[in-house]
Asker: 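For reference, the structure I am asking about is given below.
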Number of protein chains: 2
Amino acid sequence: MSTPVRTAAPRRATINDVAREAGTGKTSISRYLNGEMNVLSPDLRARIEAAIVRLHYQPNQMARGLKRGRNRLIGMLVADLTNPYTVEVLQGVEAACHALGYMPMICHAANEVEMERRFLALLTTYRVEGVIVNALGVGEDMLRPLGNGGIPVVLVDRSVSGLEADMVGLDNTAAAQVGTRHLLERGFDEICFVVQPFDNVSSRRQRQAAFGDVMRDVSGAHGLTVVLDLNDEASVGRALAALDHTVDAAAAAGRRIAWFAANAPVALRVALHLKARYGAHWQERVALLSFDDPDWAELAGISTIRQPTCDIGYRAVEFLSQRIDGATEAARDCLLAGELIVRASTGR
Amino acid sequence: MSTPVRTAAPRRATINDVAREAGTGKTSISRYLNGEMNVLSPDLRARIEAAIVRLHYQPNQMARGLKRGRNRLIGMLVADLTNPYTVEVLQGVEAACHALGYMPMICHAANEVEMERRFLALLTTYRVEGVIVNALGVGEDMLRPLGNGGIPVVLVDRSVSGLEADMVGLDNTAAAQVGTRHLLERGFDEICFVVQPFDNVSSRRQRQAAFGDVMRDVSGAHGLTVVLDLNDEASVGRALAALDHTVDAAAAAGRRIAWFAANAPVALRVALHLKARYGAHWQERVALLSFDDPDWAELAGISTIRQPTCDIGYRAVEFLSQRIDGATEAARDCLLAGELIVRASTGR
DNA sequence: CTGTTAGCGCCTTCAC
DNA sequence: GTGAAGGCGCTAACAG
């Protein structure tokens with residue numbers, strides 16, 4: 001038993017239809033929709049209710065938004081949905097939106113700066129009430145127009161130089177310290193920090209800096225930072241060659257080396273390389289630790305630093321909501337603590 | 001050097017402002033916005049251009065949509081963004097939307113049927129022009145209102161009984177046959193098909209049926225289907241116990257058994273269990289093959305059946321677009337071919 | 001080529 | 001308590 005996709009009358013009922021059906025004016029319908037029940041006689045109220053049901057009426061958010069100047073839409077610009085971190089943050093965002101009555105418009109830029117620009121313009125065009133940004137290439141210049149247009153911005157995971165906006169993310173410095181010290185305690189005095197280009201991404205910068213600081217403070221310890229751009233195969237090749245060299249050198253000295261990946265995509269990339277080069281037992285050559293805690297980390301037995309992703313998303317929406325409601329205090333930074341999860345790769 | 005998030009005048013320029021600034025009427029502005037350049041004198045056109053830049057004018061999509069009855073918004077309802085399959089389909093959807101000038105509103109129901117219902121209502125409320133659905137619990141009853149309201153629906157990965165709508169997804173039967181035969185060829189005559197509850201999900205049903213059919217046709221082969229509900233730990237426990245039993249029995253007979261996971265989340269769950277039970281070398285006990293091809297499959301060396309996810313998303317939008325443009329032909333099913341990727345788990 | 005006039009569906013004074 | 005009238009920002013006939 002199947003029925004056609006669309007039937008006769010695609011025209012949806014409007015507030016006028018309901019008013020006529022209920023034998024009243026549209027004002028009362030509007031009042032009903034906005035919950036001003038105390039200003040409606042029980043009788044009228046019942047008639048309206050019935051009319052709405054009979055006509056399958058659903059108010060048009062767009063028209064509503066046009067009139068009152070707010071449409072309950074917020075934009076969520078993310079650089080990479082492929083990164084589990086992003087999806088987890090999203091869950092927090094969605095939960096908070098649900099709780100606060102917002103609808104998130106999720107924009108996935110797929111690591112392309114041009115896309116980010118396009119989406120930001122698009123969001124403005126749809127008059128979202130606020131925007132949460134976890135992007136790659138957006139700078140102060142792209143975000144300022146929003147601010148000037150009265151659209152508040154909350155940054156996730158990374159700040160944007162020159163822009164004073166609320167930010168929520170991991171306490172990168174503390175987390176990188178914990179991770180680095182963990183490796184040192186496990187007896188690794190030679191550690192490679194593997195990170196994507198970090199000049200324009202504050203979180204990567206902070207992680208790298210904290211790693212470097214800890215290593216510098218420990219005598220006999222030797223820290224190396226290797227930059228790897230996942231969007232540039234040539235760069236990846238060079239970085240992996242440099243990394244391979246560290247493995248060989250360590251092996252020659254009869255030691256195992258530790259690599260510290262600045263996020264999950266990097267960890268996956270280097271792990272795949274190690275597996276291709278050394279086979280299934282690559283972990284005997286390299287001890288891998290990674291920021292983020294993707295689901296495959298447990299399967300692969302890789303130690304990680306888990307971020308409070310869900311909280312991050314939730315807090316971002318809360319901040320945004322406050323700004324939308326007119327909060328005018330100075331920009332806030334909300335840094336949440338990470339959690340070191342020790343597995344076989346660096347464990348025992 | 002940092003500056004405050006919001007400055008004085010949050011009021012955005014409207015078409016009227018631009019008209020005044022350019023010394024003309026709003027009609028001309030509207031024409032300019034809609035690209036009717038051939039109907040504008042070069043002079044007027046230049047003035048408008050200048051005014052728009054000077055005022056940082058950006059047309060309001062909402063108002064525009066309200067007037068012309070279409071807002072270029074399409075809804076994308078997905079059950080689980082945690083599943084890499086979903087994200088990949090999304091990429092196709094986004095690409096197609098970009099190409100066709102639509103903006104997808106992504107709704108993530110996080111495997112909760114109640115959420116799916118809510119989002120569907122919300123999308124209607126925002127008057128999206130069409131909806132792409134890859135959900136769990138939505139049935140004909142939840143989708144029909146959209147159709148009646150003139151909002152076309154395209155299904156992804158699974159059909160909905162009683163609803164005649166375009167559908168695009170994997171050719172499950174062929175893919176399951178290929179996978180099953182691959183295992184048989186590798187010498188496994190005992191295979192467990194592990195799948196989430198499939199009564200209400202057509203794709204799972206088809207995969208299971210094709211598996212069963214192939215196994216039945218081969219004498220000496222023994223196929224078992226184990227149902228595992230990832231949202232119900234008790235169910236998972238029972239399923240894993242049953243699965244463990246197959247491993248033990250096979251081991252007692254000096255054989256290795258094969259498990260065939262109906263999707264990536266299932267594969268991950270059972271792999272984690274195997275690792276916990278048998279240690280890092282669990283693959284010596286069980287040969288795992290899985291639908292979907294998550295990025296960790298390569299790392300873990302697990303054979304998979306990769307779906308043409310990106311195409312699926314792209315086609316879904318194309319179908320939807322045609323319906324939005326008024327196509328009225330009978331509902332179409334678009335079944336795309338999968339690709340078997342042999343790795344160590346079942347390889348050589 | 002250009003401007004004037006109605007609304008799209010809804011909310012919001014302001015009277016009754 | 002209730003309704004009529006005006007307008008949010010924009011488009012789409014009509015006239016000129």
Side-chain angles (χ1 to χ4, degrees), chain A residues 10-49 51-52 55-73 124-129 149-151, chain B residues 10-49 51-52 55-73 124-129 149-151:
Chain A
R11 197 181 137 280
R12 306 194 75 89
T14 78
I15 201 174
N16 273 311
D17 301 327
V18 180
R20 197 178 323 114
E21 179 81 10
T24 177
K26 40 201 256 193
T27 312
S28 296
I29 311 299
S30 178
R31 291 204 176 102
Y32 177 90
L33 296 178
N34 291 301
E36 302 172 32
M37 298 307 185
N38 48 340
V39 204
L40 293 176
S41 68
D43 171 53
L44 217 201
R45 186 166 150 186
R47 272 152 51 212
I48 292 178
E49 201 141 358
I52 286 181
L55 267 45
H56 302 304
Y57 172 72
Q58 288 181 287
N60 181 331
Q61 277 300 331
M62 296 310 182
R64 189 176 261 218
L66 183 60
K67 180 63 196 175
R68 54 158 69 149
R70 18 179 293 182
N71 52 21
R72 304 264 83 188
L73 247 31
T124 303
T125 262
Y126 279 103
R127 295 297 187 271
V128 295
E129 296 184 42
I151 301 180
Chain B
R11 195 181 138 281
R12 306 194 76 88
T14 78
I15 201 173
N16 274 310
D17 301 328
V18 179
R20 198 178 322 114
E21 180 81 10
T24 177
K26 42 201 257 192
T27 311
S28 297
I29 312 299
S30 177
R31 292 204 175 104
Y32 178 90
L33 296 178
N34 291 300
E36 301 172 32
M37 298 309 186
N38 49 338
V39 204
L40 293 175
S41 69
D43 171 54
L44 216 202
R45 186 166 149 186
R47 272 152 53 212
I48 293 178
E49 201 141 0
I52 286 181
L55 268 43
H56 302 303
Y57 172 71
Q58 287 182 288
N60 182 332
Q61 278 300 333
M62 297 309 182
R64 190 177 263 217
L66 183 59
K67 180 61 195 175
R68 54 159 69 151
R70 21 180 290 183
N71 52 22
R72 305 264 82 188
L73 247 30
T124 304
T125 263
Y126 279 104
R127 295 296 187 270
V128 295
E129 296 184 40
I151 301 179

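Side-chain atoms are counted along with the backbone in the values below, which use heavy atoms only and exclude waters and symmetry mates. No experiment lies behind these values; they were computed from the predicted model shown.
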Asker: Could you state the OH-P distance from B/Y32 to C/dG3, rounded to the nearest angstrom?
Answerer: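 It works out to 16 Å between those atoms.
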Asker: Regarding B/Q61 and B/R72, do their side chains bring together a donor and an acceptor under 3.5 Å, going by distance alone?
Answerer: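 Result is no, nothing qualifies.
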Asker: Assign A/T27 to base, sugar-phosphate, or nothing according to its heavy-atom contacts below 4.0 angstrom with the strands shown.
Answerer: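 Base: the residue A/T27, judged by heavy atoms under 4.0 Å, touches a nucleobase.
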Asker: Do A/Y57 and A/I48 have side chains that approach each other closer than 4.5 Å (heavy atoms only, starting at C-beta)?
Answerer: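 When only atoms from C-beta onward are counted, A/I48 and A/Y57 do not touch, as no gap falls below 4.5 Å.
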Asker: Within residues 58-70 of chain B, find the residues that approach DNA chain C with a heavy atom at under 4.0 Å, and present them sorted by residue number.
Answerer: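 Only B/L66, B/K67 qualify.
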Asker: Quickly work out the B/R12 CZ to D/dG9 P distance and round it to whole Å.
Answerer: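 B/R12 atom CZ is separated from D/dG9 atom P by 12 Å.
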Asker: Examine distances only and state if a side-chain atom of B/N34 and a backbone atom of B/R31 form a donor-acceptor pair shorter than 3.5 Å.
Answerer: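 It does not hold such a pair.
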Asker: Over all strands shown, is A/N16 touching base, sugar-phosphate only, or nothing at heavy-atom distances under 4.0 angstrom?
Answerer: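 No contact.
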Asker: Find the distance between CG (A/D17) and NE2 (A/H56) and round it off to the nearest 0.5 Å.
Answerer: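 That separation rounds to 13.0 Å.
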Asker: On the side chain of B/S30, is there an atom forming a donor-acceptor pair with the base of D/dA12 - under 3.5 Å, no angle test?
Answerer: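 When only heavy-atom distances are counted, B/S30 does not reach the base of D/dA12 through any donor-acceptor pair under 3.5 Å.
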Asker: So what does A/I29 hit on the nucleic acid, given a heavy-atom distance under 4.0 Å: a base, only sugar-phosphate, or nothing?
Answerer: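 Nothing, no nucleic acid heavy atom in range.
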Asker: Please report the shortest heavy-atom distance between B/A13 and A/R127, naming the atom on each side.
Answerer: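 Minimum heavy-atom contact is O-NH2, 4.4 Å.
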Asker: Return the NZ to OG1 distance between A/K26 and A/T14, rounded to the nearest 0.5 Å.
Answerer: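 Spacing of NZ (A/K26) from OG1 (A/T14) equals 8.0 Å.
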Asker: So what is the 5' to 3' dot-bracket string for DNA chain C, if pairs are Watson-Crick or G-U wobble with both distances under 3.5 Å, crossing pairs use [ ] and | means the partner sits on another strand?
Answerer: ||||.|||||||||||
Asker: Decide yes or no, distance alone: a donor-acceptor N/O pair under 3.5 angstrom between the base of D/dG1 and the side-chain of A/R31.
Answerer: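 Per atom types, no contact qualifies.
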Asker: Looking at A/S28 and A/T24, what are the two nearest heavy atoms and their distance?
Answerer: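 Between these two residues, the closest heavy atoms are OG-OG1, 3.6 Å.
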Asker: Strictly distance-based, threshold 3.5 Å: is any side-chain N or O of A/R47 a donor or acceptor partner for the main-chain N or O of A/A22?
Answerer: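 Yes, because the side chain of A/R47 sits within donor-acceptor range (under 3.5 Å) of the backbone of A/A22.
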Asker: With sequence neighbours left out, write down each residue that passes salt bridge (charged side-chain N to carboxylate O under 4.0 Å, His left out) with A/R68, or none if nothing qualifies.
Answerer: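 Counting only residues at least two positions away or on another chain, A/R68 forms no salt bridge (charged side-chain N to carboxylate O under 4.0 Å, His left out).
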Asker: OP1 or OP2 of D/dT2 versus the side-chain N and O atoms of A/S28: is any pair under 4.0 Å?
Answerer: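 Checking A/S28 against D/dT2: no side-chain N or O falls below 4.0 Å of OP1 or OP2.
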Asker: Using the P atom in both, what is the distance from C/dT2 to D/dG9, to the nearest Å?
Answerer: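 One P to the other, the span is 25 Å.
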Asker: Which whole-number value in Å describes the distance from B/K26 NZ to C/dT2 C1'?
Answerer: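 Taking NZ of B/K26 and C1' of C/dT2, I get 15 Å after rounding.
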Asker: Determine whether a donor-acceptor pair (one donor, one acceptor, N or O, separation below 3.5 Å) exists between the side chain of A/R45 and the base of D/dG1.
Answerer: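 Under the 3.5 Å cut-off, the side chain and the base do not form any donor-acceptor pair.
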Asker: Return the value, rounded to whole Å, for the distance between atom CD1 of B/I48 and atom P of D/dC10.
Answerer: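 Rounded to the whole Å, the gap is 13 Å.
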Asker: Say you pick atom C1' in D/dG6 and the same atom in C/dT5; how far apart are they, in whole Å?
Answerer: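 Looking at atom C1' only, D/dG6 and C/dT5 are 16 Å apart.
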Asker: Rounded to whole angstroms, how far apart are CG on B/N71 and P on D/dG9?
Answerer: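 Checked: the CG to P distance equals 18 Å.
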Asker: Would you mind telling me which residue lines up with the more 5' stretch of DNA chain C, B/R127 or B/N38, judged by nearest nucleotide?
Answerer: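 Upstream on the strand: B/N38.
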Asker: Just N and O in the side chain of B/Y126: are any of them under 4.0 Å from OP1 or OP2 of C/dG9?
Answerer: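 Result: no.
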Asker: In this structure, which one of B/L73, B/N71, B/I151 forms a side-chain contact (heavy atoms from CB on, under 4.5 Å) with B/E129?
Answerer: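 Considering B/L73, B/N71, B/I151, a side-chain contact (heavy atoms from CB on, under 4.5 Å) with B/E129 is found only for B/N71.
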Asker: What integer distance in Å separates B/L55:CG from D/dG9:C1'?
Answerer: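 The distance from CG of B/L55 to C1' of D/dG9 comes to 14 Å, rounded to the nearest Å.
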Asker: Over how many whole Å does the gap from B/I52 atom CD1 to D/dC10 atom C1' extend?
Answerer: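 Atom CD1 in B/I52 sits about 13 Å away from atom C1' in D/dC10.
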